[in-house]
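As the structure lists them, so they are numbered: ligands from 1, and atoms in each ligand from 1. No hydrogens, no waters, no symmetry mates; every other heavy atom, side chains included, goes into these values.
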Amino acid sequence: MRRAAITGVGKYLPDGILTNQDLEKMVDTNDEWITSRTGIKQRHILKDKDKATTFMATQATLKLIEKTNLDPKEIDLIITGTVTADMRFPDTSNQVAANVGASNAFGYDINAACSGFLYSLATASSFIQSGMYKKIVVIGADTMSSIVDYTNRATCIIFGDGAAAVLLEADEEGYGVHDQVLKGDGTGLQYLHLKLGGSLNEVTRENVDSADKYLFQDGRPVFKKAVTGMSSTMKEVMERNNLSKEDITWVVPHQANKRIINAVADQLDFPHERVMMVIENYGNTTSATIPLCLADYESQLRKGDNLIITAFGGGFTWGSIYLKWAYDGNA
Ligand code: UT7
């Protein structure tokens with residue numbers, strides 16, 4: 001059986017660092033609250049106003065190409081999960097293809113908020129499984145600093161910028177994506193959204209300075225839904241594939257809040273040391289959190305490891321993917 005295996009990972013993080021101590025000077029908050037309520041210590045911020053999501057996605061893809069010795073002309077398709085494309089159109093993937101010399105590729109973006117990478121990976125995997133395409137780059141990239149209100153302590157402490165990309169190739173030896181459980185529930189809109197700048201609420205002279213131009217989040221209901229959504233789809237995908245918790249080498253969760261991740265692990269009675277956690281250094285980078293985890297844990301990953309990738313985000317969107325890792329990371 002043909003499956004889509006991840007055969008490489010590349011990441012890019014901008015140089016700018018925003019620490020909890022920096023935030024203490026900007027809003028009424030403190031390091032103790034942020035650390036204990038979220039697990040975040042710092043975030044990377046793209047400060048150069050000439051650059052945005054396409055730049056970071058391009059850098060991550062160039063790193064991936066270098067690491068995998070890939071000829072960019074062999075890339076068939078690029079899919080980017082993002083909610084912060086440089087422009088409303090054209091999309092990020094299309095621009096990345098041009099920037100990296102993927103002249104035979106087409107591409108498009110998937111907007112599924114924090115589940116953007118999960119949905120993109122599932123979509124790309126189906127294209128490989130069907131035999132339609134052979135090499136697909138899947139990117140998660142977000143410039144959250146462009147939509148965060150740095151006078152609102154409820155949201156500005158959480159988010160950061162970053163990008164990471166994986167290469168998907170066909171595998172017939174049992175490695176790669178085995179199964180996916182994807183969910184959505186549009187009634188979650190009220191809790192997490194960005195109103196201004198869409199076709200419903202165009203930017204006008206009157207509203208251009210309103211808080212509606214920034215992302216809105218009602219944190220508590222999102223927190224609860226995130227825990228139940230990620231843990232229930234993890235259970236479903238594990239049951240469907242006859243996997244016990246002992247069979248799972250790593251859980252790769254979306255990084256929104258350390259307490260959410262720990263609660264999900266506890267729901268499954270899963271040891272915390274086998275749950276990837278990078279939130280301390282990056283904050284919530286929306287679509288980029290999961291591939292950033294894979295990049296940072298790559299050296300610890302071994303061929304044959306069983307991974308459960310799980311995410312939850314605005315929409316609501318959520319789900320879990322079961323995959324078998326295809327190569328030994330370089331120690
Ligand atoms: O990424 C995809 C989806 N997003 C998520 O999954 C995020 C889900 N939500 C969360 O992670 C958490 O709800 C937050 C981190 C956003 C907030 O944490 P919380 O524990 O749910 O806090 P809260 O909003 O219930 O606020 C608790 C208290 C409030 O004070 P009172 O009313 O109890 O006096 C807030 O005003 O903490 C206060 N507070 C803060 N205090 C210091 C809220 N933000 C801050 C802050 N610093 N930055």
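Protein heavy atom nearest atom 25 (O) of ligand 1, with residue, atom name and distance: Arg220 NE, 2.4 Å. Protein heavy atom in closest approach to atom 36 (O) of ligand 1: Arg153 NH2, 2.9 Å. Considering only non-hydrogen protein atoms, atom 1 (O) of ligand 1 sits nearest to Asn284 ND2, 2.7 Å. Closest to atom 22 (O) of ligand 1, if we only count protein heavy atoms, is Trp33 CZ2, 3.9 Å. Among protein heavy atoms, atom 3 (C) of ligand 1 sits closest to Val222 CG1, 3.5 Å. Protein heavy atom nearest atom 4 (N) of ligand 1, with residue, atom name and distance: Gln217 OE1, 2.9 Å. At the shortest separation from atom 2 (C) of ligand 1 among protein heavy atoms lies Cys114 SG, 3.1 Å. In terms of protein heavy-atom proximity, atom 19 (P) of ligand 1 is closest to Arg259 NH2, 3.7 Å.
Annotation for Glu202 and Leu196: closest pair O-CD1, 3.8 Å, computed over non-hydrogen atoms.
Both the backbone and the side chain of Thr29 come within 4.0 Å of ligand 1, counting heavy atoms alone. Contacts between Ile158 and ligand 1 below 4.0 angstrom, taking non-hydrogen atoms only, involve the side chain exclusively. Neither the backbone nor the side chain of Thr286 comes within contact range of ligand 1; no heavy atom lies under 4.0 Å. Contact annotation: for Ile260 versus ligand 1, heavy atoms closer than 4.0 Å belong to the side chain alone.
A salt bridge links Glu236 with Lys183; the closest basic N to acidic carboxylate O contact falls under 4.0 Å.
Evaluated by nearest non-hydrogen atom to atom 11 (O) of ligand 1, the leading choice among Asn20, Asn152, Asn257, Leu23 is Asn257.
Among Ser231, Ser232, Ser320, the single residue meeting the side chain to side chain donor-acceptor pair (under 3.5 Å) criterion with Thr310 is Ser320.
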*Run the numbers on Thr143 and Met56 for side chain to side chain contact (heavy atoms under 4.5 Å, CB included), then give the verdict.*
CA-CA 8 Å; Thr143 313; Met56 294 195 298; 3.4 Å; yes
*Yes or no on side chain to side chain contact (heavy atoms under 4.5 Å, CB included) for Val137 and Val100, after CA distance, side-chain angles and deciding distance?*
CA-CA 11 Å; Val137 172; Val100 305; over 6 Å; no
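Heavy-atom contacts of Arg37 reach the following atoms of ligand 1: 20 (O) (cutoff under 4.0 Å). The ligand atoms of ligand 1 that sit less than 4.0 angstrom from a heavy atom of Ala256 are 1 (O), 5 (C), 6 (O). Atom numbering of ligand 1 starts at 1 in the shown order; those under 4.0 Å from a heavy atom of Phe312 are 2 (C). Taking every non-hydrogen atom of His254 and a distance limit under 4.0 Å, the qualifying atoms of ligand 1 come out as 1 (O), 2 (C). Short contacts between ligand 1 and Thr38, defined as distances under 4.0 Å to a heavy atom of the residue, involve ligand atoms 15 (C).
Under 3.5 Å, the side chains of Lys41 and Thr35 contain a donor-acceptor pair of N or O atoms. At a cut-off of 3.5 Å, with distance as the only test, a side-chain donor of Thr317 or Ser115 sits close to an acceptor on the other residue. A donor-acceptor pair shorter than 3.5 Å can be found between the side chains of Asp109 and Ser93. With hydrogens and angles left out, the side-chain atoms of Thr38 and Asn257 include no donor and acceptor closer than 3.5 Å.
Within a 6.0 Å radius of CE in Met87, other residues, nucleotides and ligands contribute 12 heavy atoms or fewer. The local environment of NZ in Lys235 is crowded, with over 12 non-hydrogen atoms from other residues, nucleotides or ligands closer than 6.0 Å. Enclosure of atom NZ in Lys225 is not indicated, since only 12 or fewer non-hydrogen atoms of other residues, nucleotides or ligands lie within 6.0 angstrom.
At least one protein heavy atom sits closer than 4.0 Å to atom 43 (C) of ligand 1. Protein heavy atoms all stay at least 4.0 Å away from atom 31 (P) of ligand 1.
Taking distance alone, with nitrogen or oxygen atoms compared against 3.5 Å, Gly219 approaches ligand 1 more closely than that limit.
Under the 4.5 Å side-chain contact rule for hydrophobic residues, Phe159 and Ile17 do not share a cluster.
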